[in-house]
Number of protein chains: 2
Amino acid sequence: MIISVDIELKILDDLMQKIIAKKFKVGEKLPSENELADQYRVPRTTVRRTLAKLEERGFIYSRRGVGRYINNESFQVELNLNGKSSFTDKMKKSGHQLITKNICCERIEFDQQIYDQLTANSEDNIYKISRLRFIQEEPIAIHTSYINQTVFPDIQEDGSHIQSMFAYYRQLGYTELINRNSLLSATFPTLTEQQLLSCKSMEPLIMIESNCVDASSAKILEHTKVLYRSNKFKYNVSRDS
Amino acid sequence: MIISVDIELKILDDLMQKIIAKKFKVGEKLPSENELADQYRVPRTTVRRTLAKLEERGFIYSRRGVGRYINNESFQVELNLNGKSSFTDKMKKSGHQLITKNICCERIEFDQQIYDQLTANSEDNIYKISRLRFIQEEPIAIHTSYINQTVFPDIQEDGSHIQSMFAYYRQLGYTELINRNSLLSATFPTLTEQQLLSCKSMEPLIMIESNCVDASSAKILEHTKVLYRSNKFKYNVSRDS
DNA sequence: TCAGCATATCTTGTTGCCAAGTTATTGTCT
DNA sequence: AGACAATAACTTGGCAACAAGATATGCTGA
């Protein structure tokens, strides 16, 4: 089946398989660029490009003058994408200490897509509220809520203190909260996201967009964008659990 | 917030944003390496590394001696991850012409994880059946089913012809088919997967693992691994739809 | 013996030059 | 004027030499 393939891709594949199969231990030093170049009979440049890819994927890191090392992979949290409960509750229930840090609460410029999702008028004030989530000191997700001020008049003052949007809504009498139109996609982090989530440029993120609706009043409470560091989670998408 | 950042990451982010915001048209030629190097006031090497990343992500391609061009992004299919119907049915229902190509039907060596999922004995024969899925001539997903021969005695002969596993099961009297323990994760393609899906090494794939169970007989019919080209889909994970 | 310093030898990172490929222009011959 | 060939001016790709950083070794002097 495989006929002729770029040797560079073969090397990447080989190293990748070895890392996944734990042929290298965590923290272990990889062979030097020159050693690898000799092993695979390729110029050092080729090896360097390959190692760079592994670094961008977050599997290894390099120390100038010293060598390259395998990253520790830390933990992986199971996350049920179907559950009705909020992210805060889900994490508490599964025994993970979740820390939330508010990073932004500001009015946004007009954005067709978001205004459509909220069925907002173009002169409505829409606020963007972002929270950064930590587990075990590690940033793992960014939650961003877009909220219409006509629905929540005090949002400008309240926004920068809210830890859990669900709790805020319940407090205001919205109790039957459901998520609609949840869409999942994979992206790469922007520069800001890389810094907030302290991740590399080639670590894919899972993005979930949805609308939160109160069933009894049929009001659209918020449009949500959540960015998860994909390798920190195992996403349960079962219907039944 | 942003204090000091690697200029290289800034360039990648900048180009990435411009591509997403459609500042470059499809098929349009990017500025040459030297032009970009002058624009950003960096050595050509830096620009080259950045452009290489964009290429690995599948956004641009290069023609030696000519230049670099924006890739066309083709289509994006909406896929409901919750629905009970099979992938084949889902695609038909949403009006997409799906073509399936059987690429593998063979007995596998013992694998703890897979045998566990199937609750198989270590001496059972497990067959791996893989199908490549095409939409509009483009490969978009690999479906792999692991099947116990004690449950399906004729699987070795039948395996290489099956287009839809669900149809096969129904034909054999299993009608109440449900998926259990569906787990979603993001990975990068192996070399073989890159070739089959004709994608670049840094295009993330969405993998969904699950078990197919017949509710009435409570038999585990198969363990499934599906690999989707992440950028070809919008995944609907709503509860209600 | 031991502390401290210089050095040799590893590592990864950077840079500049040349090779290879393509295209448009220019020159030349009929 | 038109066909064709040489050439110049771009493009991307590759490589080798060098720079910079870290570490271990060995030397020197007290």
Side-chain angles (χ1 to χ4, degrees), chain A residues 4-16 18-19 23-72 191 194 200-202, chain B residues 4-16 18-19 23-72 191 194 200-202:
Chain A
S4 80
V5 185
D6 190 353
I7 179 74
E8 193 169 333
L9 291 175
K10 274 192 189 172
I11 298 174
L12 176 64
D13 200 60
D14 190 52
L15 289 174
M16 199 64 214
K18 279 181 183 166
I19 291 175
K23 296 264 166 113
F24 302 111
K25 284 169 193 156
V26 168
E28 185 178 333
K29 190 174 165 184
L30 288 173
S32 77
E33 296 176 359
N34 282 316
E35 282 182 84
L36 288 171
D38 290 346
Q39 266 183 44
Y40 291 108
R41 311 277 181 80
V42 291
R44 192 165 77 98
T45 327
T46 309
V47 171
R48 280 181 63 74
R49 270 198 303 270
T50 304
L51 291 170
K53 285 189 193 177
L54 288 178
E55 189 171 343
E56 288 148 22
R57 289 186 187 184
F59 290 100
I60 63 173
Y61 65 94
S62 74
R63 286 177 54 199
R64 181 171 186 171
V66 184
R68 295 189 135 92
Y69 297 86
I70 304 281
N71 264 329
N72 55 343
L191 194 48
Q194 284 167 45
K200 309 294 289 186
S201 63
M202 289 292 191
Chain B
S4 81
V5 185
D6 189 354
I7 178 74
E8 193 169 332
L9 289 176
K10 274 192 189 170
I11 298 173
L12 177 65
D13 198 60
D14 189 53
L15 289 174
M16 200 65 213
K18 279 181 181 163
I19 292 175
K23 295 264 166 106
F24 302 110
K25 283 168 194 157
V26 168
E28 184 177 336
K29 189 174 164 182
L30 289 172
S32 77
E33 296 176 359
N34 282 317
E35 283 182 82
L36 288 171
D38 291 345
Q39 267 183 44
Y40 292 108
R41 312 274 181 82
V42 290
R44 191 167 75 99
T45 329
T46 308
V47 171
R48 279 180 63 73
R49 269 198 303 269
T50 304
L51 291 170
K53 285 187 193 177
L54 288 177
E55 189 170 342
E56 287 148 25
R57 289 187 187 184
F59 289 101
I60 63 173
Y61 65 94
S62 74
R63 286 178 55 198
R64 182 171 185 172
V66 185
R68 294 190 138 91
Y69 298 86
I70 304 281
N71 264 330
N72 55 343
L191 192 49
Q194 285 168 46
K200 310 293 287 185
S201 63
M202 288 295 193

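So that the names make sense, note that chain A is the first sequence line, chain B the second, and so on, each numbered from 1.
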- prompt: Pick the nucleotide of DNA chain D nearest each of N34(B) and T46(A); which residue has the one closer to the 5' end?
  reply: N34(B)
query: Of the non-hydrogen atoms in S62(B) and E55(B), which two are nearest, and what is the gap between them?
result: OG-OE1, 3.8 Å
- request: Please state how far atom NZ in K29(A) lies from atom P in dT11(C), giving the value in whole angstrom units.
  value: 7 Å
message: As a test of reading the structure: which of dT22(C), dT11(C), dT11(D) is closest to the side chain of E35(B), going by heavy atoms?
response: dT11(D)
task: Figure out the CD/C1' separation between E33(A) and dA20(D), and round it to whole Å.
output: 14 Å
- prompt: Of the residues in residues 47-63 of chain B, which ones touch DNA chain C at a heavy-atom distance under 4.0 Å?
  reply: R63(B)
message: Ignoring hydrogens, what is the shortest heavy-atom contact between V47(A) and V42(A)? Give both atom names and the distance.
response: CG2-CG2, 3.7 Å
- prompt: Given atom CZ of R44(B) and atom P of dG13(C), what is their separation to the nearest angstrom?
  reply: 20 Å
query: Given dT11(D), is OP1 or OP2 found less than 4.0 Å from the side-chain N or O atoms of S32(B)?
result: yes
field: Value rounded to 0.5 Å, distance of OG1 in T50(A) from CG in D13(A)
entry: 11.0 Å
task: Using atom types as modelled and distance alone, determine if a side-chain donor or acceptor of K53(A) lies under 3.5 Å from a backbone N or O of M202(B).
output: no
field: Separation of atom CG in L36(A) from atom P in dT11(C), rounded to whole Å
entry: 10 Å
- prompt: Considering only dT23(D), dG21(C), dC17(C), which nucleotide approaches the side chain of R64(B) most closely?
  reply: dG21(C)
message: What I want to find out is whether D14(A) reaches K10(A) closely enough, with some N-O distance under 4.0 Å, to be called a salt bridge.
response: no
statement: To the nearest 0.5 Å, atom CG of N71(B) lies from atom CD1 of I19(B) at 9.5 Å
Presence of R68(A) side-chain N/O under 4.0 Å of dG13(C) phosphate oxygens OP1/OP2: yes
message: Side chain of V66(A), heavy atoms from C-beta onward: which of dT15(C), dT12(D), dA22(D) has the nearest atom to it?
response: dA22(D)
